[in-house]
J.: 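Quick one: this structure, given as structure tokens, is what I'll be asking you about.
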Amino acid sequence: MARDDPPGGDLECLEGCVERVIFHAPDSGYTVMHLRCGARRITAVGNVTAAKTGENLRVYGRWVDDSRYGRQFRFESYQPVRPSGTEAMISYLSSGQVEGIGEGLARRLVEHFGEETIAVLDERPERVREVEGIGAKRAEALIRAWRRQTRTREIMLFLHEHDIRGALAAKIASTFADRTIEVLEKDPYVLARRIRGVGFLTADRIARSVGISPTDPSRLQAGLLYCLDQATGEGHLFLPETTLLEEGERLMAVERPLLEQALAQLAEADEVALEDASWGRAAYLPSLLRAEREVALRLLALASEPLPGAPSPEQTRGWLLRRGELAGVVLSPQQADAVCGALSERITVITGGPGTGKTTIVRVIVAACKALGRDVALAAPTGRAAKRMAELAGADAATIHRLLAWDPFKGSFTRNQEQPLEMDTLVIDESSMIDVPLACDLLRALPDDAQIIFIGDANQLPSVGPGNFFRDLCAADAVPVFTLTEVFRQAAQSLIVENAHRLIRGEKPVLVPWRNRRDEDCLFVHVREAEAGADVVIRAVTREVPRLGIAPPNVQVITPMHRGPLGVAELNRRLQEALNPPGPQRAEVRSGDLILREGDRVLQVVNNYDKEVFNGEIGRVTRVDAANRYVTVAFEDQDVSYDAQDIDQLQLAYAMTIHKSQGSEYPCAVIVMHSTHYIMLRRNLLYTALTRAEDLAVIIGNSQGVMRAAGNADEQRRFTRLAERLRARAALAGEAGHLDV
């Protein structure tokens with residue numbers, strides 16, 4: 001056993017020979033193996049590109065006691081080590097690492113060349129002809145195999161030298177194979193474009209180490225694309241040219257003229273689209289500019305076209321009055337206006353806060369369409385929202401992604417302009433969650449003579465994806481918009497609803513301390529220090545809320561931030577420990593810091609079109625296979641399996657960000673809102689959090705944090721030109737089909 005200074009500083013280092021590979025996942029590199037370290041054999045677990053029996057490795061990690069498999073050395077990184085000593089070399093050469101060398105040939109090679117065997121194979125491999133039984137043809141095959149093995153070793157050492165290890169190193173080596181070093185030395189920024197999990201900063205570190213100039217055009221272009229990509233992740237459709245150049249200056253510390261030249265080169269290569277505006281120029285990723293323009297064009301076309309065979313709003317109102325029993329409800333004047341407009345126009349928007357009757361309107365529209373002989377379809381952005389829509393409307397509903405039917409072979413939706421959806425009326429709920437690219441796909445698939453009705457709450461947070469589609473649509477005055485403001489009596493009795501509307505009006509919410517509760521459905525628990533807040537959250541979920549009749553599976557913790565003592569990561573760790581702890585009979589799978597056990601609540605964090613599971617969907621782990629490192633998750637309407645390669649698409653979901661909770665409602669929402677979240681605290685964040693609770697909202701934090709959020713109407717601005725395009729063209733809506741928007 002050898003000791004060394006490990007890369008992580010506090011990691012232990014072991015060196016030994018691989019005796020047996022128990023399990024190896026080629027995609028992720030996850031490996032379980034027996035490692036002979038001196039006189040003892042240990043079980044080592046970690047990511048290795050292609051570990052084989054007889055290979056010598058130096059591994060860096062920590063000892064852990066696994067509840068199922070006992071004591072293991074879990075390593076975070078490794079380095080291949082050339083063997084020394086004749087028996088070690090024989091074992092290594094005959095391990096299968098080098099194709100065509102068995103134990104007999106390995107022994108003859110070592111007996112002939114002795115301690116110089118490895119050096120001979122590296123430096124003068126043609127000398128293998130000196131060994132008895134090796135002819136020209138066999139020597140050529142042996143030399144090729146040795147060079148392949150050496151190349152793999154060089155690649156891994158190269159990646160390790162640049163602080164790329166484990167599963168990420170395996171993924172890079174698998175992607176570029178023998179060309180890995182050549183590709184990375186020539187253009188390391190390809191990593192940021194091709195490999196998920198690698199950003200500009202990692203690629204830039206490699207670039208510096210291989211001698212690429214800080215002013216190299218490839219670096220400057222990659223940095224600007226990275227800035228645009230980051231902006232997209234923050235919800236922007238574009239960045240003003242000046243903002244993009246400022247971000248580039250901060251990121252790369254180079255002069256503005258060089259960045260201006262790099263941006264011009266990107267525009268010339270169609271990797272960035274520059275568009276003139278009254279205030280300057282907007283820099284888009286080309287796909288986003290095309291999507292925004294197309295959405296504007298299609299919206300204006302819909303607003304300018306009559307609905308074939310549709311009655312006028314007045315005729316519809318008379319028809320509704322004659323059928324007062326429709327859907328078993330009597331509509332208020334505001335609701336009746338919205339329904340009449342929705343049944344008469346090709347496109348309609350209906351927006352309103354909680355308790356204003358949006359669900360009733362959906363139910364009436366469905367009933368009216370059926371009575372009129374129209375084929376109606378319902379959809380929502382997430383599985384939970386679609387399920388709730390179906391239950392309340394009394395009709396089938398699907399997620400938008402499933403409605404459009406993704407084709408994994410084409411890499412696009414099956415339903416599109418060439419193969420549109422088959423319905424007369426499409427009703428979309430929770431429309432504030434729709435980003436511009438998805439809106440574009442949705443509008444493309446709408447039949448030529450069909451109508452679409454967007455329903456949502458414009459006061460909620462915008463979509464996770466780029467753009468501010470629903471709010472822009474409400475604000476642009478280019479399509480019919482009906483705003484519901486009347487709160488109905490039953491809903492008005494709810495403090496959740498009252499506080500939500502207080503926030504809409506810019507007023508402070510009413511905070512009823514938990515200890516003073518009577519029958520209120522919105523309660524407040526004060527915690528002075530954020531560090532103590534996690535204990536209060538755990539107690540609320542596991543003890544106090546269940547005493548009110550709501551079991552932990554029906555309680556969702558939502559918080560503004562990912563990090564910190566009251567962030568998603570720490571709260572998930574604590575809640576998993578409290579609600580689903582490890583046990584001798586409970587298998588678990590690890591992926592980095594993530595531990596998954598049967599029964600865990602999990603969140604899908606990226607769109608996976610092949611599995612037909614999408615960002616924001618919540619499921620429960622129903623099966624864990626620790627040996628083969630895969631889990632099965634039950635979502636609303638399907639079971640999905642994840643192997644070692646894609647487990648990182650999941651996160652624990654006992655706690656989630658308020659952004660991720662959009663489109664879902666929970667019997668109880670435990671809302672973390674503390675002044676230490678200062679940078680995130682805004683009115684629409686608190687509003688969205690409150691409106692996630694169906695029966696009970698429990699705010700845990702301090703009054704400074706809650707009131708800071710309530711009083712901060714400044715929203716994080718999103719760079720989008722959709723409303724601008726719609727306003728500029730609204731007066732010319734009749735010509736929308738001919739406009740280049």
Side-chain angles (χ1 to χ4, degrees), residues 235 334-335 338 348-362 380-382 385 388-389 428-436 439 453-465 467-477 479-488 491-492 494-510 521-522 558 560 616 657-666 669 671 673 680-694 697 699 705-718 720 722-723:
Q334 275 190 346
Q335 289 176 313
T348 310
V349 175
I350 301 172
T351 181
T356 56
K358 296 190 299 296
T359 299
T360 297
I361 285 175
V362 173
T382 67
R388 180 174 175 274
M389 187 184 190
I428 306 294
D429 199 10
E430 295 289 352
S431 297
S432 63
M433 297 182 67
I434 299 173
D435 59 36
V436 164
I453 302 165
F454 291 104
I455 298 177
D457 186 344
N459 292 296
Q460 288 192 28
L461 290 167
S463 58
V464 174
N468 208 348
F469 170 75
F470 189 66
R471 186 170 294 186
D472 285 348
L473 195 54
C474 291
D477 196 27
V479 304
V481 177
F482 296 89
T483 302
L484 306 175
T485 58
E486 181 184 351
V487 179
F488 290 92
S494 164
L495 187 54
I496 294 172
V497 173
E498 180 184 340
N499 278 334
H501 284 273
R502 280 175 168 270
L503 291 171
I504 291 174
R505 297 191 298 267
E507 300 171 5
K508 294 179 180 179
V510 175
D521 61 1
C522 186
I558 52 180
T657 63
I658 296 169
H659 279 84
K660 288 289 188 183
S661 73
Q662 282 182 270
S664 299
E665 290 189 2
Y666 315 97
I671 302 162
M673 193 70 57
M680 295 291 292
L681 299 180
R682 291 176 174 83
R683 185 178 297 164
N684 61 350
L685 187 83
L686 178 56
Y687 177 87
T688 301
L690 273 176
T691 53
R692 298 311 92 207
E694 291 179 318
I699 303 174
V706 177
M707 294 309 168
R708 157 71 185 176
N712 184 13
D714 294 335
E715 298 176 10
Q716 289 179 306
R717 182 186 176 188
R718 289 194 167 191
T720 161
L722 180 60

J.: Can you sort out the partners of R682 under side-chain hydrogen bond (donor to acceptor under 3.5 Å, both in side chains), two or more places apart, ordered by chain and number?
T.: none
J.: Do you know the tightest heavy-atom contact between M673 and A709?
T.: SD-CB, 4.1 Å
J.: Is the backbone N or O of E486 less than 3.5 Å from a side-chain atom of Q334, with the two atoms forming a donor-acceptor pair by type?
T.: yes
J.: Who are the ring pair (Phe, Tyr, Trp, His ring centres under 6.0 Å) partners of F454, not counting sequence neighbours?
T.: F469
J.: Which pair of non-hydrogen atoms, one from V349 and one from L473, has the smallest distance, and what is that distance?
T.: CG2-CD2, 3.5 Å
J.: Answer yes or no: is there a donor N or O on one side and an acceptor on the other, between the side chain of R692 and the main chain of S664, under 3.5 Å?
T.: yes
J.: Output the distance between atom NE2 (H659) and atom CD (Q460), rounded to the nearest 0.5 Å.
T.: 11.0 Å
J.: With distance as the sole test, does Q662 use its side chain to make a donor-acceptor pair with the main-chain N or O of L461 at under 3.5 Å?
T.: yes
J.: How many angstroms lie between atom OH of Y666 and atom CD1 of I558, to the nearest 0.5 angstrom?
T.: 7.0 Å
J.: Can you confirm whether D429 sits close enough to T359 that some side-chain heavy atom of one is under 4.5 Å from a side-chain heavy atom of the other?
T.: no
J.: Any non-hydrogen side-chain atom of L685 less than 4.5 Å from a side-chain atom of I658?
T.: yes
J.: Report yes if the side chains of C522 and V510 come closer than 4.5 Å at any heavy-atom pair, otherwise no.
T.: no
J.: Could you walk me through whether T382 and M433 pass the side chain to side chain contact (heavy atoms under 4.5 Å, CB included) check?
T.: CA-CA 9 Å; T382 67; M433 297 182 67; 3.4 Å; yes
J.: Mind listing the closest non-hydrogen atom pair of M389 and I428 along with its distance?
T.: CE-C, 4.5 Å
J.: In sequence, state the C-alpha distance, the side-chain angles, and the governing distance for Y687 and D457, and then conclude on side chain to side chain contact (heavy atoms under 4.5 Å, CB included).
T.: CA-CA 11 Å; Y687 177 87; D457 186 344; 2.4 Å; yes
J.: Taking the side chain from S431 and the backbone from I455, do they hold a donor-acceptor pair closer than 3.5 Å?
T.: yes
J.: Within the 4.5 Å heavy-atom criterion, are T691 and N459 side-chain neighbours or not?
T.: no
J.: Could you measure the distance from the CD1 atom of I504 to the CG atom of N684? Nearest 0.5 Å is fine.
T.: 11.5 Å
J.: At their closest point, which heavy atom of A338 faces which heavy atom of I350, and how far apart are they?
T.: CB-CD1, 4.0 Å
J.: Using a 3.5 Å distance criterion without hydrogens, assess whether the side chain of K358 forms a donor-acceptor pair with backbone atoms of G352.
T.: yes
J.: Roughly how far apart are L484 CG and T351 OG1, rounded to 0.5 Å?
T.: 7.5 Å
J.: Which pair of heavy atoms, one from T356 and one from Q335, lies closest together, and at what distance?
T.: O-NE2, 4.0 Å
J.: To the nearest 0.5 Å, what is the distance between CG (D521) and CG (L495)?
T.: 6.0 Å
J.: Is any side-chain heavy atom of T360 closer than 4.5 Å to a side-chain heavy atom of F488?
T.: no
J.: Hydrogens and angles aside, do D472 and T720 bring a side-chain donor and acceptor to less than 3.5 Å of each other?
T.: yes
J.: Are the side chains of R471 and P462 in contact, using a 4.5 Å heavy-atom criterion?
T.: no
J.: Using modelled atom types only, decide if a donor and an acceptor are shared between the side chain of S432 and the backbone of A458 within a distance under 3.5 Å.
T.: no
J.: Hey, does the side chain of K508 reach the backbone of G711 with a donor-acceptor pair shorter than 3.5 angstrom?
T.: no
J.: Could you check if a side-chain atom of N468 sits within less than 4.5 angstrom of a side-chain atom of L722, using non-hydrogen atoms only?
T.: no
J.: Report yes if some heavy atom in the side chain of P354 is under 4.5 Å from a heavy atom in the side chain of I496; otherwise report no.
T.: no
J.: Can you give me the closest heavy-atom contact between L686 and P509, atom names plus distance?
T.: CD2-CG, 4.5 Å
